[in-house]
Amino acid sequence: MPELPEVEVVRAGLAPAVDGARVLGAEVRDPRALKRHVPLGLDGLPGDDGLGGHGVTLTAAAGASRAADFERRVTGLRLAAPQRRGKFLWIPVVPPVPQAPPVERSAAESTPGPASSQALLAHLGMSGQLLLRALDAPDDRHVRIRLWIEHRVHGELRLDFADQRLFGSLALDGLVPAAGGGSVPEQAVHIARDPLDPRFDDAAFVAALRARASGVKKLLLDQGLVSGVGNIYADEALWRARVHPETPGRALGPRTARELLQRLRDVFAQALAEGGTSFDEQYVNVNGQAGYFAHSLNAYGRAGEPCPRCGRAIRRIVIGGRSSHFCPRCQRRR
DNA sequence: AGCTACACCTGATAGC
DNA sequence: TGCTATCAGGTGTAGC
């Protein structure tokens, strides 16, 4: 589901309730939703709880200890303002300081404070949701992890991580300095900045695109080149820029490459303004509400329907095992 | 470095 | 009424 606009809607929705809140407790109902969580271990090596990580099934015992580690370490943490890079979302955390001489935090209530070295990391995968709910609200479907938080203004709330397919996860992760400034979770260091990041380097991206032989759709999906782009918005940006998805990066002129980046920003901005793309209940904001951008899709999921620009039937092909939708007239191969 | 194939999952839908 | 196959917004790894 969630690509940059959806994750950004979630981040923005979380911010008021989470910034400055304290975690009162945690319940891990399904440890598979902690796939990215690395328990504190003997040497800090991933998987030193025996099993887990990507593509590896968690045993019951390993799952239970991972869940216990997460519940213990997250409880009591102070949460700061949620951040995002591409599809990765994280909330910097500050450990409870027992009898810390209360540093004047009048205007600084929203900042991580001295130096947050850890974050509560979330990736929504294909079907993850972060939901803010009243304490007595009924359970949503597929709730895998529940946090109880308390905020000075908003009082006590539940922060539920729901995920049908379990490709997403929560984790506690270390924050490290990011190239170019700021900090990112360790698990997101290899993720490029996204096109809405003020520090995104347009010229470097255009050069990188034009240096590759791969088809441009694959390049757009490469989170190490540009982040936040998934299958929907790749197809939509290519349609808007009139570029065939299999055009080699090398075959793009500088003008076309820049145009493509601009169309990507356009589609992200519009989708964000419309609350993201929801096909079913898979993607919803923190209040469980769907977005409207599905009505504005021109190519994605419209195989056989007329191109809104020229009327020719939209085609569907498979690229890298995933559906690609494009207009065979507007988007000519070169 | 780049590619494919596959792993991790649940659930909706289509076809027999 | 099953059963099976296919599909779905993502990412990380192994193996060539």
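In the text below, chain A, chain B and the rest are named by the order of the sequence lines, each starting its count at 1. Please read all numbers here as calculations on a predicted model, not as lab measurements.
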Mind checking whether A:Val286 and A:Leu131 have side chains closer than 4.5 Å, heavy atoms only? no

Please tell me which of the listed nucleotides, B:dC9, C:dG9, C:dG10, lies nearest to the side chain of A:Arg165? B:dC9

From the candidates C:dT11, B:dG2, C:dG9, the one with an atom nearest any side-chain atom of A:Tyr300 is C:dG9

Rounded distance in Å - CD1 (A:Ile319) to C1' (B:dC3): 14 Å

Roughly how many Å is it from CZ in A:Phe167 to P in B:dT10, rounded to a whole number? 9 Å

Quick one: side chain to side chain donor-acceptor pair (under 3.5 Å) partners of A:Glu274, sequence neighbours excluded? A:Gln270, A:Ser296

Pairs counted only when both distances fall under 3.5 Å, Watson-Crick or G-U: show me the 5' to 3' dot-bracket for DNA chain B, [ ] for pseudoknotted crossings and | for other-strand partners. .|||||||.|||||||

Taking only the side-chain heavy atoms of A:Gln223 (C-beta and beyond), determine which of C:dG9, B:dG11, C:dT11 contains the nearest atom. C:dT11

note: A:Glu274, atom CD; C:dG9, atom P; distance rounded to Å ~ 20 Å

Charged N to carboxylate O below 4.0 Å: is that the case for A:Asp160 and A:Arg144? no

State whether a side-chain donor-acceptor pair under 3.5 Å links A:Tyr233 with A:Thr277. yes

Output the single nucleotide from C:dC7, B:dG2, B:dC3 whose closest atom is nearest the side chain of A:Lys218. B:dC3

Any side-chain donor-acceptor pair under 3.5 Å between A:His37 and A:Asp173? no

Rounded to the nearest Å, what distance is computed from the OH atom of residue A:Tyr283 to the P atom of nucleotide C:dG9? 16 Å

Distance check needed: B:dT10 C1' versus A:His142 NE2, whole Å only. 7 Å

Nearest to the A:Thr57 side chain among B:dG11, B:dC9, C:dT11, which nucleotide is it? B:dC9

Taking A:Arg29 for the side chain and A:Ile145 for the main chain, is one N or O donor matched with an acceptor at less than 3.5 Å? no

